[in-house]
Amino acid sequence: PAPAGLEFREVRLGGGFGANTLYHVRFNPKTHTFAVMDNPDGDFSLGTAAQKRGALAAVNGGYFHPDRTPLGLVVRQGATIHPQERARLLSGLVIVTGKGIALPRAAGFKLTPDVRDALQAGPFLIENGKPVAGLNAMRAAARTVVVADAAGGFGFVVCRSATLV
């Protein structure tokens, strides 16, 4: 059972592309938040990192250069680990400030001292309730998607293989 303000769901799907399972974590941002956990040396697992930080759920996020340095902006507990970068697929950010959580577009975003945690990633899949044009909707891939809903909740969805169709 999840604590108040947090929901875990497992959804099994079938269809033309085969069976798939989605794992969905949704939370109330008044009781829970996102946090960045850095592991530059790769010396601990995601589960160990989550346990050390007291996280109730964790996913691998962001992208990396071949030398294992982060690709795009990474801020952990107010310290900038890596600066923002420009790349076509790094179109969005997850940011946590004292005022709450936001999912801004990378273009035009300015890092300010009130950003406690941030991760630049992408691509943006849905914006203003509509699919973002120009993405390869047929390519199957593992997906971790950060979501914000109309009720003010946030969370993420994870699946091993999905297209955008």
Side-chain angles (χ1 to χ4, degrees), residues 2 6-29 32-40 42 45-47 49-50 55-76 81-96 100-111 115 117-165:
L6 187 69
E7 302 169 25
F8 296 103
R9 289 190 350 203
E10 181 177 323
V11 181
R12 296 181 189 275
L13 304 170
F17 292 101
N20 206 342
T21 302
L22 302 178
Y23 301 94
H24 178 229
V25 176
R26 182 189 181 280
F27 61 88
N28 179 336
H32 298 82
T33 192
F34 287 112
V36 172
M37 295 179 281
D38 190 32
N39 185 17
S45 70
L46 181 61
L56 299 171
V59 294
N60 186 19
Y63 300 104
F64 300 90
H65 291 285
D67 67 358
R68 293 187 41 88
T69 59
L71 180 63
L73 179 66
V74 179
V75 177
R76 180 178 180 269
I81 294 169
H82 195 271
Q84 188 171 343
E85 294 184 55
R86 289 190 181 270
R88 184 168 121 28
L89 292 180
L90 294 177
S91 57
L93 296 124
V94 177
I95 64 165
V96 178
I101 302 167
L103 303 175
R105 281 289 198 160
F109 173 78
K110 302 287 186 235
L111 183 61
V115 174
D117 287 87
L119 184 66
Q120 184 179 5
F124 247 78
L125 302 178
I126 297 174
E127 189 170 35
N128 300 321
K130 296 185 171 117
V132 172
L135 298 174
N136 181 344
M138 298 306 293
R139 185 177 155 262
R143 310 272 180 190
T144 301
V145 182
V146 174
V147 295
D149 63 34
F154 283 88
F156 55 87
V157 176
V158 177
C159 63
R160 292 203 183 277
S161 180
T163 65
L164 301 178
V165 175

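Both backbone and side-chain heavy atoms feed into the values below; hydrogens, waters and symmetry mates do not.
- R9 meets the side-chain hydrogen bond (donor to acceptor under 3.5 Å, both in side chains) test with no other residue; sequence neighbours excluded.
- Taking CZ of R76 as the reference point, atom CG of L119 lies at 13.0 Å (rounded to 0.5 Å).
- The shortest side-chain heavy-atom distance between T21 and L13 does not fall under the 4.5 Å cut-off.
- Taking all atoms of both residues into account, the shortest heavy-atom contact from Y63 to G122 is OH-O, 2.7 Å.
- Residues Q84 and L111 are not in side-chain contact: their nearest non-hydrogen atoms beyond the backbone lie 4.5 Å or more apart.
- F154 and F34 have perpendicular rings, their planes meeting at more than 60° on a 0 to 90° scale where under 30° would count as parallel.
- The CZ atom of R160 sits 12.0 Å away from the CG atom of L22 when rounded to the nearest 0.5 Å.
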**OP:** Just do the salt bridge (Lys or Arg N to Asp or Glu O under 4.0 Å) check on R26 and D149 with the steps written out, would you?
**Re:** CA-CA 9 Å; R26 182 189 181 280; D149 63 34; 2.6 Å; yes

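- Using the six-membered ring where Trp is involved, H82 and H65 have ring planes that are tilted, between 30° and 60° apart.
- A pairwise comparison of heavy atoms in L93 and R105 identifies CD1-O, 4.0 Å as the closest pair.
- Looking only at distances, no side-chain donor or acceptor of E10 sits under 3.5 Å from a matching main-chain atom of H24.
- Here the two rings, on F8 and Y23, have centers that are 6.0 Å apart or farther.
- In terms of heavy-atom proximity, V36 sits nearest to D117 at N-OD2, 3.0 Å.
- Residues I101 and V96 approach most closely at CG1-CG2, 4.3 Å, considering heavy atoms.
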Subject >> Stepwise side-chain contact (heavy atoms from CB on, under 4.5 Å) check, V158 with R143 >> reply: CA-CA 6 Å; V158 177; R143 310 272 180 190; over 6 Å; no

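- The line from CG of N28 to OG1 of T33 is 11.0 Å long, rounded to the nearest 0.5 Å.
- Taking OG of S91 as the reference point, atom CG of L135 lies at 7.5 Å (rounded to 0.5 Å).
- For the residue pair F156 and V147, the shortest heavy atom distance occurs at N-CG2, 4.1 Å.
- Here the side chains of T144 and V157 are not in contact, with every heavy-atom distance at 4.5 Å or above.
- Between M37 and A58, the closest heavy-atom pair is CE-CB, 4.0 Å.
- No side-chain heavy atom of V132 sits under 4.5 Å from any side-chain heavy atom of L125.
- Between the side chain of Q120 and the main chain of G72, no donor-acceptor pair closer than 3.5 Å is present.
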